[in-house]
Every structure is written in C-alpha cells, then in structure tokens.
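What follows is one structure encoded as structure tokens, with my remarks underneath.
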Amino acid sequence: MDDDDIPQLVPATFQSVPVTIITGYLGAGKTTLLNYILHEQSEKKIAVILNEFGEGSALEKSISVGNEGALYEEWLELRNGCLCCSVKDNGVKAIENLMTKRGKFDYILLETTGLADPGPIATIFWLDKELGSDIFLDGIITVVDANHCLEQIDDKANTFDDGEPCNAAIRQVCLADLILLNKTDLASKEIVQKTKDVIHALNGVVDLIETQHSKVSLDRILDLRAYSGSGSERIERLLASSQESQKLSHLDKDVCSVTLPLAAPLTRGALDLFLQRLLWERRLLDDKGDTASVIRLKGVVNLEGAPHLLQAVYQTWDLEAVPDAARGGEGLDRDRLIFIGRNLEEKSLRRLLEECVDAEAQPPPSYSSLSR
Ligand SMILES: Nc1nc2c(ncn2[C@@H]2O[C@H](COP(=O)(O)OP(=O)(O)OP(=O)(O)O)[C@@H](O)[C@H]2O)c(=O)[nH]1
C-alpha cells in the first residue's frame with residue numbers, strides 16, 4: 001500500500017469554508033478590494049455576498065460566484081429578511097444549501113454596506129463553527145478612506161438606535177481584525193499618521209496596512225483565522241504589541257482600548273462570572289459613574305494551567321484552547337485581555353475581575369447559615 005491509499009484525517013475546520021467580512025464607509029474602496037481579490041484568485045471559486053442591510057428585497061440577496069475568472073449570479077434565499085437581521089441558522093443554511101446545489105466554494109467574501117455595524121453579522125458566522133457548519137468566520141476587514149476617516153469617526157449622525165453613541169465608522173474600526181488604510185495617494189503624510197494614531201487608540205489590537213486602490217498581498221488579508229485557536233500566534237503577537245500602540249496617542253475619546261495583564265491563572269467559574277457581569281449585566285461603571293460597554297474583547301488566558309483564546313463581540317463570547325503548535329515564540333505567551341469599548345478603565349476592570357475571583361473562591365453557604 002503506498003501513501004496515497006492511507007486515509008487522511010483532516011480537522012473539520014480545514015474542510016470548512018472561510019468567510020471574510022469586508023466592511024468600511026461609503027467609497028472607502030470595498031468594491032475595489034473585492035474586484036482585486038477576485039482577479040488575483042481567479043482560479044478559485046469565490047462567493048461574494050452583498051449584504052444590503054435592510055434595503056431592497058427582504059427575501060433574496062444577490063450572490064456572485066467567481067469560478068476560474070467567470071462570475072455568475074445566484075440568489076441567496078433568506079426566509080427571514082436581510083442576512084444580518086435573520087436568525088443565525090437561516091443565513092448560514094442558505095449558503096450551505098447553495099453549496100449543496102452549486103458545489104463547495106473555496107472562500108466567501110461578504111461585503112456590508114457603508115453604514116453597517118459588522119458585529120451582528122459576524123456573530124452569525126462565528127457561532128456556527130460550534131454547530132459543525134460548513135462555513136466559519138475568518139475575520140473582519142475594514143477598509144478606511146485615509147482622507148475622510150477622522151471626520152467619519154467624529155460624525156454624530158449615523159449612530160444606531162441601541163443606546164450606544166458610537167457611530168458606524170467607530171464600530172467598524174473597533175471590530176476590525178485588519179484595517180486597510182486605503183487611498184493614501186490622496187492624503188497628506190500628516191493626515192495618514194494622525195489617522196493611524198486615532199485607529200490604534202480606538203483598536204489597540206488591530207493589524208493596519210496602508211494601501212492604494214486596495215492592493216495588498218492576499219497572504220496578509222485572507223486566512224487570518226482571527227477567531228480560531230489555530231490563528232493564535234498572530235493574535236498573541238498583536239496582543240503583545242498592543243501596549244505600545246496605546247502609548248502612541250492619548251485622545252479624549254470615550255471609546256478606547258484597555259489592556260489588562262493577568263498575573264495568575266483563572267478558574268473557569270471566575271472567568272464566566274466576570275464575562276457575565278461585564279458583557280450581559282453591564283455592571284461595570286467608570287469613575288464618573290457611566291456604564292462601560294465592550295464592543296470587542298480578545299485575550300489569552302491561563303485557565304487552570306492551559307492557555308485559552310478568549311474572544312467577544314458585544315455580548316457573545318467564546319473560549320478555545322490554544323493548540324501547542326499554534327503558540328507564539330518566547331515572550332509572547334504573556335496572559336492578558338484587551339478590551340475595546342466605551343468608558344473602560346483598567347482599574348475598574350481589574351476590580352470587577354478580582355470581585356469575581358473572590359466570589360468564586362468563597363465556599364458555598366452551609367445549611368446552618370442558610371436556615372438562619
Ligand atoms: N485615488 C484613489 N481612488 C481609489 C482608491 N481606491 C478606490 N478608489 C476609487 O474610489 C471610488 C470608490 O471605490 P469603491 O471601491 O467603489 O468604494 P466602496 O467602498 O465599494 O464604496 P460604496 O460601494 O459606495 O460603499 C472608485 O471610483 C475607486 O476607483 C485609491 O486608493 N486611490
């Protein structure tokens with residue numbers, strides 16, 4: 001029997017199809033990026049989904065599938081309206097059904113419209129990984145117009161009706177795993193530098209690449225594995241460099257990144273309690289008594305002796321054990337959490353975490369103390 005006859009065991013995630021969400025304000029260069037990727041990867045079968053976010057037909061969304069240079073249109077049948085508003089299974093199932101009909105895609109690119117919040121749509125694809133889906137979230141790429149980003153971040157309009165004052169541009173920067181700072185040919189060096197400072201102050205754990213006409217080596221933007229333990233080396237590198245990026249700028253913004261180094265291992269119970277109080281119950285207040293809110297959280301946590309990757313998008317979180325092979329080199333495995341959100345302060349986060357550690361360490365009340 002030669003090697004070819006031996007059945008190969010392939011981990012499920014390698015058979016699944018990655019989904020990259022491409023977001024960014026109007027005219028930043030998203031379509032230019034899509035066309036560039038399709039051109040560069042013309043031998044692959046890439047599905048492009050345009051999420052119209054509440055506009056147009058509520059029943060079907062157009063999807064273009066590239067195959068060896070040719071593009072053809074399909075319809076994505078959604079029973080529950082637009083992709084980001086539909087129940088999780090619906091959007092994912094529609095894509096899986098299409099793959100059953102048309103054959104598997106190599107990659108899925110999902111472009112949101114300019115004013116979309118990519119958070120809700122990301123959680124649809126992120127969660128389904130656990131359900132053994134054929135598709136999984138690879139990462140969120142935000143394309144930013146170097147000349148207009150600062151004014152878009154300061155824009156008071158384009159906020160959502162969820163009670164948070166952060167507008168679409170801020171959310172797109174905060175939720176990005178990678179930012180393409182595009183149209184640098186049209187911006188001065190000073191504006192480019194100021195924009196980078198503001199982006200890093202908002203999102204201290206993001207990769208940023210300067211581009212013109214959205215051109216970038218595809219190795220740097222596809223297969224990021226931003227939500228998976230197999231991509232943890234890259235994530236740990238970003239976490240390790242996050243403290244430096246924070247020092248670059250001290251902007252008077254209520255949205256920022258905060259790093260919380262973790263000196264000791266945590267128990268699963270203490271971490272769950274902390275995340276529950278922080279993300280679901282919103283118990284954290286800053287010095288002025290304003291409620292803190294988390295948009296994105298990434299971290300590496302030592303849970304009872306084993307490293308885990310912790311991720312959250314708004315109220316949804318996930319913990320995944322980090323495989324040894326995916327761990328970073330010397331000095332990168334320092335445990336820390338990076339929070340991106342509003343009214344966040346290191347000392348109040350630390351206090352909340354310590355309260356949860358103490359609460360978990362308390363012995364359960366005895367029968368006699370309960371009956372008193
Ligand atoms: N000078 C210059 N023009 C660019 C660059 N990138 C994109 N453009 C142009 O800017 C315009 C808008 O680019 P698109 O790719 O359509 O932007 P988009 O983000 O898809 O825009 P919407 O679909 O409106 O949300 C197009 O005319 C592009 O050719 C760049 O780096 N430099």
Side-chain angles (χ1 to χ4, degrees), residues 119 122-123 126-127 129-131 164 174 204-205 226-229 231-232 235-236 238-240 242-243 246 256-324 326-328 331-372:
T123 51
W126 179 29
L127 279 185
K129 173 187 71 175
E130 265 84 51
L131 302 178
E164 285 293 331
C174 290
V205 68
Y227 289 80
S228 129
S232 77
I235 295 169
E236 283 194 61
L238 288 169
L239 291 172
S242 67
Q243 282 184 336
Q246 271 196 84
C256 64
S257 293
V258 174
T259 304
L260 188 64
L262 300 171
L266 290 171
T267 62
R268 178 68 202 243
L271 183 64
D272 281 348
L273 188 61
F274 172 67
L275 294 170
Q276 183 187 317
R277 289 183 179 175
L278 176 68
L279 304 178
W280 290 359
E281 297 169 13
R282 310 257 318 249
R283 287 204 201 179
L284 189 72
L285 304 177
D286 70 2
D287 263 358
K288 288 181 254 148
D290 292 327
T291 307
S293 56
V294 174
I295 297 175
R296 184 82 166 96
L297 162 59
K298 290 189 195 192
V300 176
V301 196
N302 185 335
L303 269 192
E304 288 148 13
H308 284 71
L309 196 61
L310 172 65
Q311 304 254 16
V313 173
Y314 297 122
Q315 275 113 343
T316 306
W317 83 76
D318 187 34
L319 262 176
E320 193 179 334
V322 179
D324 277 346
R327 296 229 72 193
L332 292 178
D333 54 347
R334 288 165 291 173
D335 297 343
R336 64 187 53 193
L337 300 176
I338 312 271
F339 304 82
I340 302 171
R342 219 160 54 81
N343 303 329
L344 294 168
E345 293 164 344
E346 186 187 337
K347 63 175 184 304
S348 54
L349 282 161
R350 183 170 299 289
R351 203 181 312 125
L352 182 65
L353 181 61
E354 282 167 2
E355 280 166 19
C356 296
V357 170
D358 288 348
E360 275 299 301
Q362 298 292 326
S366 65
Y367 175 74
S368 56
S369 66
L370 282 177
S371 58
R372 242 181 271 142

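Here the rule is side-chain contact (heavy atoms from CB on, under 4.5 Å) with F339, and of V205, I295, L297 only L297 fits it. Here the rule is side-chain contact (heavy atoms from CB on, under 4.5 Å) with L266, and of N302, D272, L310, L271 only L271 fits it. Screening K298, R296, E320 for a side chain to side chain donor-acceptor pair (under 3.5 Å) with Q311, the sole residue that qualifies is R296.
Of the inter-residue distances, the one linking C174 atom SG with I340 atom CD1 reads 6.0 Å to the nearest 0.5 angstrom. Atom CG of D335 is separated from atom CG of L260 by 11.0 Å, given to the nearest 0.5 angstrom. Taken from CG in L275 to OG1 in T316, the straight-line distance is 11.5 Å, to the nearest 0.5 Å. For the atom pair CZ (R283) and CD (Q276), the distance works out to 7.5 Å, reported to the nearest 0.5 Å. L319 contributes atom CG, which lies 5.5 Å from atom CG of L303 (distance to the nearest 0.5 angstrom).
Heavy-atom minimum distance, R282 versus S293: NH2-CB, 3.4 Å. Closest non-hydrogen pair, N343 versus T291, comes out as ND2-O, 3.0 Å. The nearest pair of heavy atoms linking V322 to H308 is CG2-C, 3.8 Å. Across all their heavy atoms, L309 and V300 have their closest contact at CD1-CG2, 4.0 Å.
Under the 3.5 Å distance criterion, the side-chain polar atoms of E345 are matched with a main-chain donor or acceptor of D287.
A salt bridge does not link R342 with D286: none of the charged nitrogens is closer than 4.0 Å to a carboxylate oxygen.
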Name every donor-acceptor pair, under 3.5 Å, that has one atom in a side chain of residues 349-359 and the other anywhere in the protein, sequence neighbours excluded.
from, atom 1, to, atom 2, distance (Å)
R350, NH2, P261, O, 3.1

For this session: Could you check L337 against L262 for side chain to side chain contact (heavy atoms under 4.5 Å, CB included), going step by step and ending with a plain yes or no?
Result: CA-CA 7 Å; L337 300 176; L262 300 171; 3.9 Å; yes

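Identified under the ring-ring contact (aromatic ring centres under 6.0 Å, His included) test for residues 270-297, with sequence neighbours left out: W280-W317.
Residues D290 and L285 are not in side-chain contact: their nearest non-hydrogen atoms beyond the backbone lie 4.5 Å or more apart. Contact of the L344 side chain with the V294 side chain is registered, since non-hydrogen atoms from C-beta on lie closer than 4.5 Å.
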